[in-house]
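Values below: every heavy atom of this structure, side chains too, minus hydrogens, waters and symmetry copies. Residue numbers start from 1 in every chain, and the chains themselves are labelled A, B, ... in the order their sequence lines are given, proteins ahead of strands. On a predicted model such as this, the values are computed, not experimentally measured, just so you know.
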Amino acid sequence: MADPLLTVTNLETYYGPIMAIRGISFVVPERSVVTILGANGAGKSTILKTVSGVMDPQKGTVTFAGREIQGMDPDRVTRLGISHVPEGREVFPFLSVRENLMMGAFTRRDAAGVGEDLELVYSYFPVLRSRAEQRAGSLSGGEQQMLAISRALMARPRMMLLDEPSLGLSPRLVKEIFEIIARINRERGVTVLLVEQNANMALHIADYGYVLEVGRIVMEDTCARLLEKEDIKEFYLGMKESGVRGTRRWKRKKTWR
Amino acid sequence: MRFVFKTSYAQDLEIFRDDVQRNWYVALLVGLLVLPLLIPAYLVDVSLVFIYGLCGISLMVLAGYTGLVSLGHAAFLGIGAYTHVYAIHDLGLPWVVGVALACAVTAAVGVLVGLPALRMTGVYLSIATLAFALIIQEVLTRWERVTGGLKGKPVDKPVVFGIYLGGDAAFYFVCLAFLIGALWLTGNLLRAPTGRAWVAIRDSEIAAQSMGVNLAVYKTSAFAYSAALMGVAGALFAHKIGFLAPDIFTVLLSIQFLLMVVVGGLGSLHGALFGAVFVALLPVAISQARDAVPAWLSALASPLGKDAGAATFLAVDRFVKKPGLEPGLFGLILVLFILFEPLGIYGRWRKIQLYFSTFPLYKRATFRRQKSYMRSERLR
Amino acid sequence: MRSAHPGEDALDTILQLVLNGLAVGCIYGLVALGFVLIYKATELVNFAQGDLLMLGAFTCYMFVVWYGVGYWVALALAVALVALFGAVLDATILRRVIGQPQFSVVMLTIGLGAIFRSFASIAWGSEIYTLPTPFSARATRVAGVAVSHEYVSIIVGTVALCAVLYAFFTFTRVGLAMQAASQNQLAAYYMGIPVKLMFSLIWAISAGVAAIAGVLLAPVSLIDINLGFIGLKAFAAAVLGGFGSIPGALVGGVTIGLIELFSGAYLPQGFKDVAAYVVLLVVLAVRPQGMFGAIVRKKV
Amino acid sequence: MSLLAADGLVMDFGGLRAVDGVSFEIEPAEVFTIIGPNGAGKTTIFNLVSRIYEPTAGRLIFDGEDITRVPPHEIARRGIARTFQNIELFEHATVLQNLLLGRHAHKRSRFVEELLFLPRVRELELEHREAVERVIDFLDLQPHRDSLVVNLAYGVRKVVEMARALCTRPRLLLLDEPSSGLSVEETEDMAFWIQDIRTILGVTVLMVEHDMSLVSSVSDRVLAVNYGRPIALGTAREVQEHPDVIKAYLGG
């Protein structure tokens, strides 16, 4: 395995009085795709937010490229090369699509490179080109999601944190987005930390996976092996033995509990 | 921590959470009833607390519960005061009718203001109410036949059903009665569908609408109810100050009412009352301090030297007697509250309660503020 | 000088009113511009804007009269000082309340305004001062209308400032970043925009604009601690134009200024002060978002 | 007779035509699903049916009555309730308070009665409360009754929002992406809830959804739209096999 680009050790973060993540450690090697799976409320987004500086951890360290970054202001974290695509389409509603994309390149000074990247994301998502002068707030939910991902790409990051990129997208777009994530990882060597509800897709493009339950990591392995586990199959992939759950409403207990 | 064991849905409909809470309020009421015996000199100030309490409830309904921030509530107070005084003096109507008229007229004006305000949000609404208040102030100045214009209008002591209620203690009880009445009525509304609809409008107009809340009706009713309370408060206020002039009902007074709501704690009736106590009694405290502070400081400084005491006294005395100091002090307190206790006095009160009820398990983290991030409110 | 036709007199009066109205309106516009800038970048409504204006006027007066500094240098110093003050204000106080409900923040600025007024009355007393300027009491007659140089300075200054700021917000990277930060702070952080710095910067600019407005206003009005109450009229101007629109602030200000002067000249006494507010209410009843404002509905 | 009929709906935003002549009929007690690529106008159709938008052209007939011009707050009273894509709950209120607002369409007490909290108001409130409790039982929300919505997990919020819509006792329930943001496990639960709502309560459901497993397991009929126009209508299987749908929506 390559050197770790991001190392998280013993991280604890609170939402007010509630401990959202309870002592979590993991590593993301350079140029790899790592995914974190877990049910709603397990604390996946909190991990990403703590890494990118939007939330402050109570305990623990986050090391990026040899530097401790926990508790840093999020804009400084971004300047170090971490681009976070937040959950829920956080676009700038009153700026045009093109201006939104240019904001993605805010930290960059190379106009030529920015222009190239603009063309690149337009080629990924042609719909953005046709809506370039519209206000981002007038885009549909799925289009805003595409915009958010493209905008993060415009920063030409060293590492991307993706929080549910497939949320609310059509099946075709989900496939496309995962292909794009795989491509930027392969072609540009961008390291990816991916949080997804769509475990099927995530496990197929990621190298290594962690499973999170109620703020703790309960399982970790290479994705190839995770795909073989019974619990993963049933609870994250929805693969039932010939539609067992199609008729039954009780659930099997998860074995890691 | 005390948990209430509920055995019937009807228990959720009561004003008081349980008997313990009710008993505390009964005790408080008894305390207020014997208060005139304890501090007869300060009854006038406490009456003002009650009147401001009415204003606080009024603004709490509008700003705290329905989310419509009005910068012009002093105008409603003025309309109520002038209507009442015009009715009982110029028209010679009975006192009770005067109060009822004040209530009705302000409610009607409230509807008039509420109607154009329906489509406005946020800043626009606040500035529109501000404009309304400035216009009303001008009307009060110019409509001399009714208001007496800049010369003002003296107000007699209240006489209700032929009984003279102008004494400090009598007026105190009149104000207390009105305050309790208003609390009861408002509490009723807030536990009924109307109150729920108001809060829903504050939290998400679009969701409220999709659940069948007619935004126009409920925003207007919030305005009308809030204005009506202000009208009643105005009638009492007229007697409290004994003399009406247009420059009493200024924007600054409106801002003081807002101050009450913020300092008390947004979104609770308790907050409105805490705020009223604070705003009505702060000037009293300040004037007491004005007399006392120079003497204290000179006593502190006197060991430093022979003349240090006297010099300190003079310097401090000159400083505290500066006319511009009091509004600045108000401003400072407001700023400190918003910075350090955004939930207001009531929020602090709840924290203290929680601290003792969970002792020794209280976690500081319970009320720690997370980093929060603003998002445009223009998309409402 | 007598005109040959009585109609010309009336026309001259009207022209004079228009000119004066423009000048007064520009001041309103400038103060409104301060509101709009802060609002555009932080979505706060700054009720202390008028008081910053008052501080600017006093500071300039202090330099010119007490220390004998030249007008232009004093202007620059006053603007710089007040702008710095704005930035410090943001860094120490306002930044801490961002993310709290708008209402609390509005109350905070009201509190700050009260503190400034209190400070001014303690520091400078409650006397009324006059600021001498190079434009003072000079006028050129153009076609029967007395064009006061003070008014010209106001109009030219305002229009130039508006144009520069408009260009800054629309075309520069930093200007866009400020808008971005106001629309979605979280996303702005994710873009690497130093949001805190942006906010301090906008407070500095806005306080600077207030100081300029104060200095321009000082010769026309007089300087006292209640100079800041012009902010109330400027609110009407900003809302009339549509909060958040830079040209809107200017147009709103000029509209209010013209209405005020014309109603003062042709309507019975008392209307001068309220006419602007009546017009404001009427406009808002028809267009609740003001003349240039836009309402974008939330996507559901 | 169909419960809801949309007839030639057209919706323009500025120069953009988001919905371009969509007609469909929903039969009583069926689950009718609209699918389509992002930006195809699905949510716009929803907002037209729930009357948040004014249609540029076309008509909406609900239960034999023309509701094209009925004000939005009146819709709930007529028997149409909805959920939102991004969850529009009252976050600082408890689940119970949220659900009680769902009863607003059935408010029968007058302002003055409420002001005095007359016995009649008390009775009505108890009735509302019981109706709400029935919904709480139905959707298994008992553990969350007194929790603040902000403190709830996303999956539970989705159910609470559905519960609030059910409290209006609707005849037509509009669900906007009920499974978005839910895990596989929660999506399966959601499928059961939707089936129960249809079979036990007899409520007609119109939903917009992307998760094809949920769509196939609960829908009676599916309408596919693209560029604001219908491209296919039929059972879930038929629509999924339609070449245009595969091309525009499912991907090869």
- Task: Give a yes or no on whether F119(C) atom CZ has more than 12 heavy-atom contacts from other residues, nucleotides or ligands under 6.0 Å away.
- Result: no

- Message: Is it the case that over 12 heavy atoms from other parts of the model lie below 6.0 angstrom from the CZ atom of R188(A)?
- Response: yes

- Item | Contacting moiety of V77(A), where chain C heavy atoms sit under 4.5 Å | neither

- Message: Strictly distance-based, threshold 3.5 Å: is any side-chain N or O of E90(A) a donor or acceptor partner for the main-chain N or O of A187(C)?
- Response: no

- Item | Polar side-chain atom of T78(A) near backbone of I193(C) as donor-acceptor pair, under 3.5 Å |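 No: the side chain of T78(A) does not pair with the backbone of I193(C).
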
- H84(A), E99(A), R151(A): which one forms the most heavy-atom pairs within less than 4.5 Å of chain C?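 The option with the most such pairs is H84(A).
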
- Item | Closest non-hydrogen atom pair between Y190(C) and K49(A), with its separation | OH-CG, 4.2 Å

- Message: Restricting to non-hydrogen atoms, name the atom on N184(C) and the atom on V91(A) that form the minimum distance, rounded to 0.1 Å.
- Response: ND2-O, 3.4 Å

- Query: Would L176(C) and L95(A) satisfy side chain to side chain contact (heavy atoms under 4.5 Å, CB included), going step by step from the backbone distance to the final call?
  - Reply: CA-CA 8 Å; L176(C) 274 181; L95(A) 296 186; 3.9 Å; yes

- Message: Taking 4.5 Å as the heavy-atom cut-off, does anything in residues 102-122 of chain A contact chain C, and if so which residues?
- Response: M103(A), G104(A), F106(A), T107(A), R108(A), R109(A)

- Are V54(A) and L186(C) side-chain neighbours, meaning at least one heavy-atom pair lies under 4.5 Å?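 SC-SC contact between V54(A) and L186(C) confirmed.
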
